[in-house]
Number of protein chains: 2
Amino acid sequence: MRKLTVKERVVEAALDLFQEKGYHGVSVEELVEHAETSKGGFYHHFKSKDDLLYEIHDIFISYVLNETKRASEQYDSAIDQLDALMRTFMNVFNIYQRHITVFYNESVYLLPNHEEAITKKRTAYRKLLEQILINGQRQQVFRQELSITITAMLIIGTVNWTYKWYKQDGELTMQDITTYFNDVILRGVMTEAGYREAATKQYLL
Amino acid sequence: MRKLTVKERVVEAALDLFQEKGYHGVSVEELVEHAETSKGGFYHHFKSKDDLLYEIHDIFISYVLNETKRASEQYDSAIDQLDALMRTFMNVFNIYQRHITVFYNESVYLLPNHEEAITKKRTAYRKLLEQILINGQRQQVFRQELSITITAMLIIGTVNWTYKWYKQDGELTMQDITTYFNDVILRGVMTEAGYREAATKQYLL
DNA sequence: CCACACAGACCGACTAGTCGGTTCAAATTG
DNA sequence: CAATTTGAACCGACTAGTCGGTCTGTGTGG
């Protein structure tokens with residue numbers, strides 16, 4: 001385990017403190033104390049307190065976006081793609097839950113200054129999911145009468161909300177949760193043909 | 001339309017401003033200006049700025065809790081109950097979307113001071129939903145292998161997340177959205193017997 | 001005249017960000 | 001290889017401003 005840089009220590013401290021007390025509940029003073037650095041050190045690496053919040057967001061959203069793209073490109077079947085997307089997102093919880101929590105709690109304060117950069121990546125992610133749903137309709141495995149937009153929102157809502165209640169040391173693992181989610185969502189969106197494919201591939205309980 | 005009281009004007013102003021700029025993005029100064037009152041007026045009605053945030057939350061959660069209880073008590077069938085719960089929650093969006101937005105965005109800052117009061121009502125709501133799912137399993141209309149906890153979280157996540165993207169003046173009405181949500185979720189959780197009941201009752205697309 | 005609703009000047013605590021200064025390791029030079 | 005230079009990393013006292021909350025005063029309806 002290599003020694004952490006100051007910048008990394010600051011991010012670590014921020015994740016712990018922001019998650020607990022919120023962005024506005026933690027002063028830069030308190031932050032640098034936990035990170036075992038100083039005000040000077042902090043402002044050497046970050047333009048502002050706001051800038052730190054943005055970086056935390058970007059670390060996480062970039063990772064999710066890349067991983068999801070990579071994962072879904074490995075498959076042709078929309079059912080496989082949807083499963084991959086879900087698993088990818090749920091996997092990053094184990095690494096990035098603190099980032100996600102901080103991001104969703106504080107995004108109101110972040111938006112005015114970094115709106116463009118944020119919206120871009122979030123839209124890209126939504127499009128990725130919507131494309132999978134469209135693929136599924138083309139492949140006749142997802143029902144034609146589905147609204148792409150609303151279905152996408154249902155899925156995003158389901159996975160995103162997990163940050164509000166998932167506990168890493170709880171009795172449910174991310175594996176379990178994803179399996180359940182996939183089961184309910186797939187059954188909810190699939191056609192008969194899709195059902196047969198998913199059953200064969202053991203996606204259902 | 002009767003004249004609004006100072007207290008009501010403050011709450012109205014808070015909902016508009018907090019939704020846009022967040023709780024910490026709005027000073028009491030700015031708030032009372034928008035509400036066309038003064039600091040004295042504000043502190044005559046509220047113990048603190050924090051207290052206002054709590055009231056906003058309580059107005060909304062109390063309403064949802066009562067309405068949901070009332071709605072689900074009207075039915076014996078778990079399918080009807082789940083539909084009623086969904087419709088109730090989605091309906092309050094048209095009245096309380098601003099409350100909900102403020103509440104979820106700022107709940108981190110609210111918790112330390114009002115933890116007990118908040119947790120109580122939120123837990124009550126979750127229990128209500130879980131009980132409906134259990135009823136459904138007893139009635140053999142929801143699948144036995146469902147995890148009550150995870151399914152409840154999927155549903156709560158789906159409906160709660162709506163505050164992030166639903167626009168009152170958008171092309172989708174809350175009616176449309178709820179119908180889609182119900183369709184996907186019901187298909188996801190039901191047994192064959194449940195499917196026949198729901199189809200008869202026109203809950204599916 | 002008194003209780004209540006409200007006004008707004010004021011206070012004190014707190015905090016984001018600055019800035020002159022220090023350290024130290026690596027690059028440059030003679 | 002020592003002597004010297006350089007500059008990035010880091011420090012922390014300080015500032016300028018903000019903002020939640022208080023307090024005294026004032027008008028008003030009963």
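Residue numbers begin at 1 in each chain, while the letters A, B, ... track the order of the sequences. Values below: all heavy atoms of this structure, side chains included; hydrogens, waters and symmetry mates excluded.
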Just the atom pairs and distances: protein N or O near nucleotides 23-30 of chain D's N or O, under 3.5 Å.
none

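- One finds no side-chain N or O of His45(A) lying less than 4.0 angstrom from the OP1 or OP2 phosphate oxygen of dA8(D).
- We find that NZ of Lys49(A) is positioned 15 Å from P of dC14(C), with the value rounded to whole Å.
- Residues satisfying the side chain to side chain donor-acceptor pair (under 3.5 Å) test with Glu73(A), not counting sequence neighbours, are none.
- The side chain to side chain contact (heavy atoms under 4.5 Å, CB included) check on Ala198(B) picks up Ile79(B), Met190(B), Tyr203(B), Leu204(B), with sequence neighbours excluded.
- Residue His44(B) has no polar side-chain atom (N or O) positioned under 4.0 Å from OP1 or OP2 of dC6(C).
- If you measure from atom NZ of Lys7(B) to atom C1' of dC6(C), you get 15 Å, rounded to the nearest angstrom.
- Within residues 13-38 of chain B, the residues having any heavy atom closer than 4.0 Å to DNA chain C are, in order of number, Thr37(B), Ser38(B).
- Note: CG (Asp50(B)) to C1' (dG21(D)) measures 13 Å, nearest angstrom.
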For residues 154-163 of chain A, which side-chain N or O atoms pair as donor and acceptor with protein atoms under 3.5 Å away, sequence neighbours left out?
from      : atom 1 : to        : atom 2 : distance (Å)
Thr158(A) : OG1    : Leu154(A) : O      : 2.8
Thr158(A) : OG1    : Thr158(B) : OG1    : 3.1
Asn160(A) : OD1    : Tyr104(A) : OH     : 3.4
Asn160(A) : ND2    : Tyr104(A) : OH     : 3.0
Thr162(A) : OG1    : Thr158(A) : O      : 3.2
Thr162(A) : OG1    : Val159(A) : O      : 2.8

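- The CZ-P distance, from Phe46(B) to dT22(D), rounds to 15 Å in whole Å.
- Note on residues 111-147 of chain B: pairs passing ring pair (Phe, Tyr, Trp, His ring centres under 6.0 Å), not counting sequence neighbours, are Tyr54(B)-His114(B).
- Partners of Tyr75(B) under the ring-ring contact (aromatic ring centres under 6.0 Å, His included) rule, at least two apart in sequence or in another chain, do not exist in this structure.
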I'd like a table of donor-acceptor pairs (distance under 3.5 Å, sequence neighbours excluded) in which one partner is a side-chain atom from residues 27-47 of chain A, with atom names and distances.
from     : atom 1 : to       : atom 2 : distance (Å)
Ser27(A) : OG     : Glu30(A) : N      : 3.1
Glu30(A) : OE2    : Lys21(A) : NZ     : 2.6
Ser38(A) : OG     : Gly41(A) : N      : 3.1

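- The distance between the ring centers of His24(B) and Tyr109(B) falls below 6.0 angstrom.
- The distance from atom CZ of Phe42(A) to atom P of dT15(C) is 14 Å, rounded to the nearest whole Å.
- For residues 106-123 of chain A, the pairs satisfying salt bridge (charged side-chain N to carboxylate O under 4.0 Å, His left out) are Asp58(A)-Lys121(A), with sequence neighbours left out.
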